**Q** 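Encoded as structure tokens, here's the structure I'll be asking about.
The model shown is predicted, which means the values in this text are computed figures rather than measured ones.
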Amino acid sequence: RKGSVIVTGASSGLGLAAAKALAETGKWHVVMACRDFLKTERAAKAAGMSKENYSIMHLDLASLDSVRQFVDNFRQSRRPLDVLVCNAAVYQPTAKEPTFSADGFEISVATNHLGHFLLSRLLLEDLKKSDYPSKRLIIVGSITGNTNTLAGNVPPKANLGDLRGLAGGLNGLNSSAMVDGGNFDGAKAYKDSKVCNMLTMQEFHRRFHEDTGITFSSLYPGCIATTGLFREHIPLFRFLFPPFQKFVTKGFVSETDAGKRLAQVVSDPSLTKSGVYWSWNKTSSSFENQLSKEASDPAKAKKVWEMSEKLVGLA
Ligand code: NDP
């Protein structure tokens with residue numbers, strides 16, 4: 001049978017490119033889990049994806065009710081779940097004030113981390129039931145969460161601190177909107193959310209890999225300077241960022257190539273090792289990359305896991 005994969009945020013950028021790459025193999029049915037149904041339908045058509053290779057299901061990661069509803073709907077579809085890709089994200093680098101999710105959490109950590117945390121915890125049960133030879137749970141990471149790299153050291157740097165804001169619910173009322181309890185900074189909130197993503201992947205690996213055989217992985221696909229992720233940045237930045245990445249850092253990767261990299265992590269028989277953060281070198285070969293000290297701290301991963309469980313109503 002065909003593999004069955006859910007990709008969140010498949011309406012644009014990396015998620016769409018990966019969905020297309022997987023659909024084109026004819027070996028995968030892609031469930032595009034998106035907040036804007038019509039936009040996704042148009043994007044899939046424009047990408048030339050053929051009907052029998054995908055379906056679209058509504059998912060708004062900035063609402064825990066929506067996440068639960070998505071899981072119910074997916075189960076009713078009676079499709080098996082072989083691979084889950086947590087890809088969707090928001091980035092608000094120029095926001096002066098925080099905005100909040102349906103549940104009152106700062107929107108970037110709510111969408112990028114907490115929504116995906118609940119989704120993957122619930123769907124773990126479905127992954128366990130799959131009889132597919134290689135079951136995987138992939139959480140897209142980012143170099144920006146890696147303070148052990150040059151790009152990860154561009155201020156404001158990711159730093160989860162003692163997690164006091166997360167513990168307080170990131171609501172901007174009786175707690176800070178930032179994980180570390182500090183003043184709001186949209187770019188930092190994104191980077192912090194990506195560190196939470198990478199810590200979550202490793203905690204999943206420690207808790208569930210041995211018993212379930214599921215491969216848990218994360219990746220940095222390269223700098224895809226052309227995606228919608230930068231839509232809220234100032235125009236000058238959007239103009240200069242792609243050539244800067246192409247010619248100065250040489251980290252630039254096209255959406256198509258980045259999509260192929262993510263598709264590799266989904267389906268390549270050689271990428272089955274669990275607990276790995278994949279990256280690609282200049283010749284586009286994958287390698288196991290090192291995470292920063294904070295993004296690989298098991299004690300922090302455990303704390304983030306336990307606090308997130310409380311916030312999403314699992315504990
Ligand atoms: P895009 O902005 O193009 O794609 C983001 C996707 O997330 C869109 O489909 C968007 O939906 C979706 N999304 C946003 N909010 C929600 C929500 N509340 N519920 C459901 N879906 C939502 O950005 P990219 O393709 O660049 O980003 C994809 C991933 O790649 C992210 O995890 C990002 O951190 C990561 N990444 C990107 C890099 C880059 O250079 N671009 C580098 C490293 C990692 P909609 O279309 O409705 O807005």
Side-chain angles (χ1 to χ4, degrees), residues 6 8 33 59-72 74-75 81 84-90 100-129 136-141 145 158-181 189-190 192-212 214 216-218 274-275 291 294-315:
I6 295 177
T8 69
L59 167 65
D60 181 355
L61 287 158
S63 156
L64 299 177
D65 279 346
S66 174
V67 172
R68 290 185 180 277
Q69 185 69 54
F70 171 83
V71 171
D72 283 352
F74 177 76
R75 286 177 182 161
L81 179 63
L84 169 63
V85 180
C86 297
N87 160 76
V90 285
F100 297 93
S101 69
D103 309 279
F105 311 130
E106 187 282 318
I107 200 85
S108 4
V109 177
T111 308
N112 309 356
H113 168 58
L114 292 169
H116 279 136
F117 181 78
L118 178 61
L119 181 74
S120 39
R121 283 291 301 275
L122 297 175
L123 289 177
L124 184 67
E125 296 312 310
D126 303 71
L127 280 171
K128 281 184 194 163
K129 287 182 198 141
R136 305 183 191 184
L137 197 165
I138 299 155
I139 308 178
V140 177
N159 176 11
L160 306 185
D162 64 3
L163 303 167
R164 70 177 69 176
L166 186 67
L170 301 169
N171 57 26
L173 301 168
N174 55 1
S175 105
S176 159
M178 300 292 291
V179 174
D180 66 358
Y190 169 82
D192 290 348
S193 76
K194 290 278 124 187
V195 173
C196 291
N197 283 155
M198 294 182 275
L199 289 172
T200 300
M201 177 280 285
Q202 295 163 84
E203 190 66 15
F204 260 117
H205 168 72
R206 281 188 285 268
R207 289 181 186 235
F208 298 107
H209 173 65
E210 218 167 279
D211 290 349
T212 64
I214 297 169
F216 299 97
S217 35
S218 185
S274 183
L291 285 157
E294 180 171 56
S296 56
D297 178 347
K300 215 163 236 189
K302 184 166 181 283
K303 279 190 199 151
V304 167
W305 180 277
E306 288 166 357
M307 286 175 190
S308 304
E309 275 187 328
K310 284 196 188 125
L311 294 181
V312 303
L314 287 173

**Q** How many angstroms lie between CG in Leu59 and CG in Leu119, if you round to the nearest 0.5 Å?
**A** 6.0 Å
**Q** What pairs with Phe117 under ring pair (Phe, Tyr, Trp, His ring centres under 6.0 Å), at least two apart in sequence or on another chain?
**A** His113, Trp305
**Q** Considering residues, nucleotides and ligands other than Arg206, do more than 12 of their heavy atoms fall under 6.0 Å from its CZ?
**A** yes
**Q** State which residues pass side chain to side chain contact (heavy atoms under 4.5 Å, CB included) with Ile138; sequence neighbours excluded, sorted by chain then number.
**A** Val83, Val85, Arg136, Ser217, Leu219, Leu262, Val265, Val266
**Q** Determine the sole option in Leu118, Leu61, Ile6 for which the side-chain contact (heavy atoms from CB on, under 4.5 Å) test with Phe70 is passed.
**A** Ile6
**Q** How far apart are the closest heavy atoms of Ala62 and Ser101, and which atoms are they?
**A** O-CB, 3.2 Å
**Q** Taking ring pair (Phe, Tyr, Trp, His ring centres under 6.0 Å) as the test, write out the residues that go with Phe105, two or more places apart.
**A** none
**Q** Considering residues at least two apart in sequence or located in another chain, which fulfil the salt bridge (charged side-chain N to carboxylate O under 4.0 Å, His left out) criterion with Asp180?
**A** Lys188
**Q** I'd like to check the side chain to side chain donor-acceptor pair (under 3.5 Å) partners of Ser193; sequence neighbours left out, ordered by chain and number.
**A** Asn112
**Q** Can you tell me how far the CZ atom of Phe216 sits from the CG atom of Leu127, to the nearest 0.5 Å?
**A** 7.5 Å
**Q** For the CG atom of Asp297 and the NZ atom of Lys303, what is their distance to the nearest 0.5 Å?
**A** 8.0 Å
**Q** Test side-chain contact (heavy atoms from CB on, under 4.5 Å) on Leu163 and Met307 and set out the steps.
**A** CA-CA 9 Å; Leu163 303 167; Met307 286 175 190; 3.8 Å; yes
**Q** Using side chain to side chain donor-acceptor pair (under 3.5 Å) as the criterion, list what pairs up with Asp126, not counting sequence neighbours.
**A** Arg75
**Q** My understanding is that only residues two or more places apart in sequence, or in another chain, count here; which of them pass salt bridge (charged side-chain N to carboxylate O under 4.0 Å, His left out) with Arg121?
**A** Glu309
**Q** Show your working on side-chain contact (heavy atoms from CB on, under 4.5 Å) between Ser218 and Asn197 and close with a plain yes or no.
**A** CA-CA 8 Å; Ser218 185; Asn197 283 155; 5.8 Å; no
**Q** Listed by chain and number, what are the salt bridge (charged side-chain N to carboxylate O under 4.0 Å, His left out) partners of Lys300, not counting sequence neighbours?
**A** Glu294
**Q** Just so I know, are the side chains of Arg164 and Ser176 near enough to count as touching, which here means a heavy-atom distance under 4.5 Å?
**A** no
**Q** Sequence neighbours left out, what passes side chain to side chain contact (heavy atoms under 4.5 Å, CB included) with Ser175? Give chain and number order.
**A** Asn171
**Q** Compare every heavy atom of Leu311 with every heavy atom of Leu114, then report the nearest pair and how far apart it is.
**A** CD1-CD1, 4.1 Å
**Q** Measure across Ser274 and His205 and return the closest heavy-atom pair with its distance rounded to 0.1 Å.
**A** OG-ND1, 2.7 Å
**Q** Supply the atom-to-atom distance Cys86 SG to Met201 CE, rounded to the nearest 0.5 angstrom.
**A** 12.0 Å
**Q** Find the distance between CG (Leu124) and CG (Leu137) and round it off to the nearest 0.5 Å.
**A** 7.0 Å
**Q** List in chain and number order the residues that pass salt bridge (charged side-chain N to carboxylate O under 4.0 Å, His left out) with Arg68, two or more places apart in sequence or in another chain; answer none if no residue qualifies.
**A** none
**Q** Compare every heavy atom of Glu125 with every heavy atom of Lys128, then report the nearest pair and how far apart it is.
**A** NZ-OE2, 3.2 Å
**Q** Restricting to pairs with a member in residues 102-113, which pass salt bridge (Lys or Arg N to Asp or Glu O under 4.0 Å), not counting sequence neighbours?
**A** none
**Q** Tell me, please, which residues at least two apart from Lys302 pass side chain to side chain contact (heavy atoms under 4.5 Å, CB included).
**A** Glu203, Arg207, Glu306
**Q** Please give me the minimum heavy-atom distance between Gly168 and Asn174, naming the atom from each residue.
**A** O-OD1, 4.2 Å
**Q** To the nearest 0.5 Å, what is the distance between CZ on Phe204 and OG1 on Thr212?
**A** 10.0 Å
**Q** With a 3.5 Å distance limit and no angle check, can you tell me whether Asn87 reaches the backbone of Thr8 through a side-chain donor-acceptor pair?
**A** yes
